[in-house]
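Everything on this sheet refers to the single structure shown next.
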Amino acid sequence: MDLRLYDTLTRRKRAFTPIDPSNVRMYVCGPTVYDFAHIGNARPVIVFDVLFRLLRHLYGDDHVTYARNITDVDDKINDRAARDFPDLPLNEAIRKVTEKTAAQFQADVAALGCLPPTHQPRATEFVLPRTDGKTDMVTFIKQLIARGHAYEAGGEVLFDVRSMPDYGALSGRRLDEQKAGARVAVDAHKRNPADFVLWKLSSENEPGWDSPWGRGRPGWHIECSAMSTAYLGDVFDIHGGGLDLIFPHHENEIAQSRCAHGTHAMANYWMHNGFLQVEGEKMSKSLGNFVTINELLTTEKFGGRKWPGEVLRLNMLRTHYRQPIDWTIKALEESETILRRVCGRIKQFEYARRGMPTKERSVQLNLPPEILEALVDDLNTPLMLSRIGELSYDDAFDHALLSIGIDVLSYARWLRSQEQYASSNVDELVVARLEARMRKDFKESDRIRDELAAMGVVLKDGKDADGKPVTTWEIAR
Ligand SMILES: Nc1ncnc2c1ncn2[C@@H]1O[C@H](COP(=O)(O)OP(=O)(O)OP(=O)(O)O)[C@@H](O)[C@H]1O
Ligand SMILES: [Zn+2]
């Protein structure tokens, strides 16, 4: 089945042909690690995890390389380090901030059911030439200067946008339309107002590395060009990120990589997810309208309760990745109901399978064509979900959901967590409720029933052969 992806650069949906099907290569811009990631930041992580899983399904698990960087050099990090650890030397303070934040990010996105990428390089490890010879930023910048695409001025090394005739193709901004002083600050030392920083000098209390241009630090865009080259080569298949990265970040990555390598492309498909919004506005740290992934998972800040990672993930995938999503409590509640209903059915089928002869049980279950068809059409997850809803309660339905190999909706994780509470907590609560009923404490027995209902557990009261009351339970469908 042919994969088709919307490409921002050519502005159309195109059939996907990898450069090398035995090694399909994808790069996605990762987090700047100075603070908790908000749920808007989780959108590209989830969307490109779906694509990673799909590519692994289509080309084989060992034939996809996915690199996502960690930006651990940035002025926001320096400010945070100075604020949070004023008594430590700056380098140590920076290390504390970035290590803690990066670990938190990994834990948060794992709870959202995302696989770790193949490589997660940290920018600070790619500033200076490396012993393993992988591409680094200083060598990259030297190459740009040598090829006549960059120059040193005013304590900076700048990329010369005029040296690239088709600069601006991704965002559709032509250089002659970019008025000086409009959005780009005009610095006297720049040949063109749109020239951007590759390297800048650091003061004593800023992090810095010794380079041919003095002790300084890299600009943001250069790190992605260097690290994508290091792991994926000069030209690779897919490059992704959120819409806000198209300009200037991705535009400038393209300029750097193509000019350093002398190629016609940096990546063959450019994919961008739409914004996650709150009341029609982009969720963003600067606007202060954000809720972190961690708050949703572990606190009652949003809607007065915690939300399982699988519910957050499903909620994200109910909207097509290029459309805006409004993040609301109501949508999360609906997503939880959908997840419960579907997983209740898978669970029943799983129990039935346990009773099957081993031979039948081990039959490889494939993703049904109607599900795969939706996914390969530019990751149409809403269509996939509506098709899952339409499948009748028969083997086809169960096969669809048991295709854990791809597990776009993180069912496997959800079911595992359900199994865990099923074996311990639920049985205890059921017994406690029965005891409360026996002593006619109906207030308590109702309370426990409601608690179980909130966990998606439905009770059935009956009598055993001797006429004694018994309660059985199942996961709500
Ligand atoms: N509201 C959002 N919806 C979807 N994607 C987003 C949103 N906000 C950020 N992203 C994406 O998250 C990734 C990390 O971005 P970045 O680290 O620049 O975020 P940020 O600086 O924290 O954003 P902001 O300051 O605007 O909140 C990028 O791919 C970016 O496009
Ligand atoms: Zn990037």
Hey, does the side chain of Arg25 reach the backbone of Leu232 with a donor-acceptor pair shorter than 3.5 angstrom? yes

To check you understand the geometry: which heavy-atom pair defines the closest contact between Val73 and Ala123, and what is its length? CG1-CB, 3.9 Å

Lys/Arg-Asp/Glu bridge criterion (N-O < 4.0 Å) met for Asp75, Arg217: yes

State which residue, out of Asn273, Asp378, Thr8, fulfils the side chain to side chain donor-acceptor pair (under 3.5 Å) condition with Arg322. Asp378

Do the charged groups of Arg313 and Glu310 touch, with an N to O distance under 4.0 Å? no

When every non-hydrogen atom of Tyr321 is compared with those of His272, the smallest separation belongs to CE1-O, 3.7 Å

Among Tyr6, Phe16, Phe236, find the one that has a ring pair (Phe, Tyr, Trp, His ring centres under 6.0 Å) with Tyr269. Phe16

Could you check whether any side-chain N or O of Gln323 sits under 3.5 Å from a backbone N or O of His320, counting only pairs where one atom can act as donor and the other as acceptor? no

With the threshold set at 4.0 Å, does a side-chain nitrogen-carboxylate oxygen contact exist between Lys96 and Asp84? no

For Asp136 versus Val127, what's the shortest heavy-atom pair and its separation? OD2-O, 3.6 Å

For the backbone of Met26 and the side chain of Asp237, can you confirm whether one donor and one acceptor N or O come within less than 3.5 Å of each other? no

Please check if atom NZ in Lys285 has more than 12 non-hydrogen atoms from other residues, nucleotides or ligands closer than 6.0 Å. yes

Can Arg173 be said to sit on top of Phe247's aromatic six-ring, NZ or CZ under 6.0 Å from centre and within 45° of the ring axis? yes

Would the distance check show the side chain of Asp441 and the main-chain N or O of Glu444 forming a donor-acceptor pair, the cut-off being under 3.5 Å? yes

Quick test of your reading of the model: are Arg305 and Glu336 salt-bridged, counting only N-O distances below 4.0 Å? yes

Quick check: does any side chain N or O of Arg43 sit under 3.5 Å from a backbone N or O of Gly274, one acting as donor and the other as acceptor? yes

Between Glu370 and Arg387, is the closest basic N to carboxylate O distance under 4.0 Å? no

SB check Lys330 Glu334 (cutoff 4.0 Å): yes

Partner of Tyr27 under ring pair (Phe, Tyr, Trp, His ring centres under 6.0 Å), chosen from His119, His250, His239: His239

Tell me the closest heavy-atom pair linking Asn289 and Ser284, and the distance in Å. OD1-N, 2.9 Å

CG on Asn252 to CD1 on Ile222, rounded to 0.5 Å: 10.0 Å

Check this for me: does any side-chain nitrogen of one of Asp61 and Arg56 sit under 4.0 Å from a carboxylate oxygen of the other? yes

Using only atom types and a distance under 3.5 Å, with no angle test, would you say the side chain of Ser228 pairs donor to acceptor with the backbone of Ser225? yes

Is Ser257 reaching over with its side chain to a backbone N or O of Ile254, donor-acceptor style, under 3.5 angstrom? no

Which heavy-atom pair separates Ser211 from Trp199 by the least distance, and what is that distance? OG-NE1, 3.3 Å

Nearest non-hydrogen partners of Thr135 and Arg130, listed with the distance: O-CD, 4.5 Å

Is it true that Lys76 and Asp35 make a salt bridge, defined as a side-chain N closer than 4.0 Å to a carboxylate O? no

Please indicate whether Lys100 has more than 12 foreign heavy atoms, meaning atoms of other residues, nucleotides or ligands, lying under 6.0 Å from its NZ. no

Using side-chain heavy atoms (C-beta onward) and a distance below 4.5 Å, is Met316 in contact with Leu276? yes

